[in-house]
K.L.:
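Have a look at this one before I ask anything.
Letters go in sequence order (proteins before strands), and every chain restarts at 1.
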Amino acid sequence: MPEYIQIKDVAKYASQEVLIKGWVYQKRSSGKLHFLQIRDGSADIQAVIFKNDVSEEVFELGDKIALESSVEIVGVVNEHKRSKIGYEISVRDMKLISDGEGYPITPKEHGVAFLMENRHLWLRSPRQRAILRVRNEIIKSIRDFFYEKGFTLVDAPIFTPSACEGTTNLFETTYFDTKAYLSQSGQLYMEAAAMALGKVYCFGPTFRAEKSKTRRHLTEFWMVEPEMAFCDLDGDMALAEEFVEYIVQSVVAKCRDELEVLERDISKLENIKRPFPRISYDEAIEILKKNGHEDIKWGDDFGGDEETVISEQFDRPVMIHHYPAECKAFYMKQDEQNPKTVKCVDMIAPEGYGEIIGGAQREENIDILLEKLKANNLSEEAFEWYLDLRRYGSVEHAGFGLGIERTVSWICGLHHVRETIPFPRLMDRIKP
RNA sequence: UCCUCAGUAGCUCAAUGGCGGAGCAACCGGCUGUUAACCGGUAGGUUGUUGGUUCGAGUCCAACCUGGGGAGCCA
């Protein structure tokens, strides 16, 4: 039996006989020869079956085989100029492992609803595989970045006793004889961890029971949340832009083939270099007034339309800082110069992809924090442990959260975040 | 939750209120270099559900179900 190899390694076996195992994802026939496109997960290659090279049974199998059947192929690796991988395989023997008869997804067009019903199979298509590979690279670059910067990964809990921010709707679940909620953010726990380890981050799933039906929303999504002790808003913004530059440039360097499959304009990604523009909320309001949003007034939060108008003024992500306090969460630090604003920052991705980062310097003054809790109708009791962080050695600290799916969506140039996660959870969809 | 659009063959879509069709997939046949291959043939239907208007409803009306797009909220 020849050596079992992965398709990505065929170049090392030119002119040799090898064994490959994979799935038939496309087939064409021309009388006395069949062309089977084979996928093994590592790469794709064309297998060619000449009638005279194989037994009658194998040639018959090549003719009848259904798409997405799994097979073992023994053949010789030959150069082939028209092939993307540079080689094709001349089949000597082929064995059916399992029949793919009736596979519902064809190489023709399908609607979104049908593909979502068949998400477990849709993952096999080239486009979906490319997206998952980019997502993988993004996640790897995130972990590398924080590791190199001396951050410690600290996992936040998923069951929580109450809302972190007190604003969004949470998924409620039964926790023995009491209620618990699925976490909407690990941030408060990271603030505790930062007082122990200095620079920390968490990376896990988050849950929001908002009835949002837009291309930017999932009910279950992944978020990475760094938190730094002895850090102010400027330090926070500096980290955020270095972080996003690092992620984008890692993908550009490592995922060229995938970006090509996705027909992404790579030059737009190559351009994502520091420094990113920083504008205040006040400046953002001025931009909006000059660009068709004359009605906007100080104190209004920005919706998708507004974000797009602002992002269109720049060719890289833009950071908007110092929002009105009333738009933002209770824990954000009040600005000393203008107490109506807080030391926060949102990073808006270019090309209309919306907010990918929300962050802030945190309020470390316990008296102001107590007032904010009261103003937001949040119970002091539930936040006792959080207040302890201000009672014992409180320091300036800041952090942010980056949404993985929106980042994948932007970098891949997708229309909807549902394709950025293997099994999306949406308001009206929890299957498959 | 609200606004909006849609639901017809396995898939993508046609069909003026008057005999439900096409392309792809499937199946049968042809082709020694195909790249969404091509050529010929066969089969495939409770038109989302319930009710209503009408001589007659895929088509008009109502409610419901399912899904798409968007808003608010957010990452």
K.L.:
Rounded to whole angstrom units, what separation is found between the CZ atom of A/R216 and the C1' atom of B/G72?
P.N.:
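After rounding, the reported distance stands at 10 Å.
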K.L.:
Please pick, from B/C28, B/A75, B/U32, the nucleotide with the shortest atom-to-atom distance to any side-chain atom of A/M223.
P.N.:
B/A75
K.L.:
At 4.0 Å (heavy atoms only), tell me whether A/L218 reaches a base, stays on the sugar-phosphate, or touches nothing.
P.N.:
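It contacts base atoms.
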K.L.:
B/U32 and B/G10: how far apart are their P atoms, nearest whole angstrom?
P.N.:
35 Å
K.L.:
Check A/E241 with A/R274, please: is the shortest side-chain N to carboxylate O separation under 4.0 Å?
P.N.:
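Answer for the salt bridge query: no.
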K.L.:
Could you check which nucleotide pairs with B/C60 in any of the strands shown, counting Watson-Crick or G-U wobble with both distances under 3.5 Å?
P.N.:
B/G52
K.L.:
If you pin A/M116 and A/G304 to their nearest nucleotides in RNA chain B, which one's is more 5'?
P.N.:
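Looking at RNA chain B, the more 5' nearest nucleotide goes with A/M116.
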K.L.:
Does a side-chain N or O of A/R82 approach OP1 or OP2 of B/U34 to a distance below 4.0 Å, or not?
P.N.:
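The answer is yes; a side-chain N or O of A/R82 sits under 4.0 Å from OP1 or OP2.
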K.L.:
Testing the basics here: between A/V417 and A/H217, what is the closest heavy-atom pair and its distance to 0.1 Å?
P.N.:
CG2-N, 3.8 Å
K.L.:
Heavy atoms under 4.0 Å, any strand shown: does A/D346 hit a base, just sugar-phosphate, or nothing?
P.N.:
nothing
K.L.:
With 3.5 Å as the limit, what N/O pairs link the protein to nucleotides 5-12 of chain B?
P.N.:
from: B/C11; atom 1: O2'; to: A/E109; atom 2: O; distance (Å): 3.0
from: B/C11; atom 1: O2'; to: A/H110; atom 2: ND1; distance (Å): 2.6
from: B/U12; atom 1: OP1; to: A/G111; atom 2: N; distance (Å): 2.9
from: B/U12; atom 1: O2'; to: A/E109; atom 2: OE1; distance (Å): 3.2

K.L.:
With a 4.0 Å cut-off on heavy atoms, is A/S29 in touch with a base, just the backbone sugar-phosphate, or nothing at all?
P.N.:
base
K.L.:
Send over the distance from A/I105 CD1 to B/A36 P, rounded to a whole Å.
P.N.:
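That distance rounds to 18 Å.
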K.L.:
Below the 4.0 Å mark, does B/G67 have OP1 or OP2 next to a side-chain nitrogen or oxygen of A/R418?
P.N.:
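Looking at the OP1 and OP2 atoms of B/G67, neither is under 4.0 Å from any side-chain N or O of A/R418.
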K.L.:
As a test of reading the structure: which of B/C73, B/A75, B/C27 is closest to the side chain of A/S212, going by heavy atoms?
P.N.:
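My answer, after comparing the listed nucleotides, is B/C73.
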K.L.:
Could A/D53 and A/R92 be called an ion pair, given the rule that one side-chain N must be under 4.0 Å from one carboxylate O?
P.N.:
yes
K.L.:
Starting the side chain at C-beta, find the nucleotide from B/A71, B/C74, B/G67 nearest to A/T214.
P.N.:
B/A71
K.L.:
Is the A/F145 ring parallel, tilted or perpendicular to the A/F243 ring (thresholds 30°, 60°)?
P.N.:
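Judged by the thresholds at 30° and 60°, the geometry between A/F145 and A/F243 is tilted.
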K.L.:
OP1 or OP2 of B/A37 sitting under 4.0 Å from any side-chain N/O of A/Q26?
P.N.:
yes
K.L.:
Is any side-chain N of the basic residue among A/D236 and A/K333 closer than 4.0 Å to the acidic one's carboxylate O?
P.N.:
no
K.L.:
Regarding A/H34, tell me which of base, sugar-phosphate or nothing describes its non-hydrogen contacts under 4.0 Å with the strands shown.
P.N.:
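The answer is nothing, as A/H34 stays clear of every strand by at least 4.0 Å.
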K.L.:
Measure from the side chain of A/R429, starting at C-beta and using heavy atoms only, and say which of B/G68, B/U34, B/U32 lies closest.
P.N.:
B/G68
K.L.:
To the nearest Å, give me how far apart CD1 (A/I348) and C1' (B/C74) are.
P.N.:
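Computing the A/I348:CD1 to B/C74:C1' distance gives 11 Å.
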K.L.:
Considering every strand and a 4.0 Å limit on heavy-atom distances, what is the contact class for A/K213: base, sugar-phosphate, or nothing?
P.N.:
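Base, at least one base heavy atom under 4.0 Å.
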K.L.:
In whole angstrom, what separates A/Y25's OH from B/A37's P?
P.N.:
10 Å
K.L.:
Do we see A/F35 stacking on the base of B/G33, given a limit of 5.5 Å between centres and 30° between planes?
P.N.:
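Taking the rule of under 5.5 Å and under 30°, the ring of A/F35 does not stack on B/G33.
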K.L.:
Start at the 5' end of RNA chain B and walk down; is the nucleotide closest to A/D428 or to A/Q37 reached first?
P.N.:
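Its nearest nucleotide lies further toward 5', so the answer is A/Q37.
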K.L.:
When you compare B/U8 with B/U4, how far apart are their P atoms, in angstrom units rounded to a whole number?
P.N.:
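That atom pair is separated by 22 Å.
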K.L.:
What's the closest nucleotide to the A/K32 side chain, out of B/G72, B/U32, B/G33?
P.N.:
B/U32
K.L.:
Mind telling me whether A/Y281 and A/Y323 have parallel, tilted or perpendicular rings, with 30° and 60° as the class edges?
P.N.:
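A/Y323 vs A/Y281 ring planes: tilted.
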K.L.:
Roughly how many Å apart are B/U1 and B/G58, using the C1' atom of each and rounding to a whole number?
P.N.:
32 Å
K.L.:
Looking at A/E355 and A/R406, is there a salt bridge between them, counting it only when a charged N and a carboxylate O are closer than 4.0 Å?
P.N.:
no
K.L.:
So, A/R135 and A/E405, do they make that salt bridge, N to O below 4.0 Å?
P.N.:
yes
K.L.:
Take the protein atom CD of A/E326 and the nucleotide atom C1' of B/C73, then report the distance between them rounded to whole Å.
P.N.:
16 Å
K.L.:
What interatomic distance, in whole Å, is found between C1' of B/G33 and the corresponding atom of B/A43?
P.N.:
32 Å
K.L.:
Figure out the OH/P separation between A/Y353 and B/A75, and round it to whole Å.
P.N.:
20 Å
K.L.:
Using atom C1' of each nucleotide, how far apart are B/C2 and B/C73 to the nearest Å?
P.N.:
13 Å
K.L.:
Taking the same atom, C1', in B/A71 and in B/A62, what whole-Å distance lies between them?
P.N.:
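It works out to 27 Å between them.
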K.L.:
For B/A71, what is the paired nucleotide under Watson-Crick or G-U wobble rules, both distances under 3.5 Å?
P.N.:
B/U1
K.L.:
Check A/Q26, A/R129, A/R39 against A/D44 for a side-chain hydrogen bond (donor to acceptor under 3.5 Å, both in side chains) and give me the one that passes.
P.N.:
A/R129
K.L.:
Counting any heavy atom closer than 4.0 Å, what does A/E88 reach on the DNA or RNA strands: base, sugar-phosphate only, or nothing?
P.N.:
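The answer is base, as A/E88 lies within the cut-off (heavy atoms under 4.0 Å) of a base atom.
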K.L.:
Could you check which nucleotide pairs with B/C27 in any of the strands shown, counting Watson-Crick or G-U wobble with both distances under 3.5 Å?
P.N.:
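Check on B/C27: paired to B/G41, both distances under 3.5 Å.
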K.L.:
Is it true that A/E294 and A/K289 have a side-chain N and a carboxylate O under 4.0 angstrom from each other?
P.N.:
no
K.L.:
Considering only atom P, compute the distance from B/A15 to B/U59 and round it to an integer number of Å.
P.N.:
14 Å
K.L.:
Take the protein atom NE2 of A/H416 and the nucleotide atom P of B/A75, then report the distance between them rounded to whole Å.
P.N.:
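Distance, rounded to whole Å: 18 Å.
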K.L.:
The side chain of A/R406 lies closest to which of these nucleotides: B/G67, B/G33, B/A75?
P.N.:
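Nucleotide nearest to A/R406's side chain: B/A75.
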K.L.:
Working to the nearest 0.5 Å, report the span between OH of A/Y331 and CG of A/L188.
P.N.:
7.0 Å
K.L.:
Starting at atom CD of A/E306, determine the distance to atom C1' of B/A71, rounded to an integer number of angstrom.
P.N.:
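That distance rounds to 11 Å.
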K.L.:
Taking atom C1' in both B/G44 and B/A22, what distance in whole Å separates the two?
P.N.:
14 Å
K.L.:
Side-chain donor or acceptor of A/Q46 under 3.5 Å from a matching atom on the base of B/U34?
P.N.:
yes
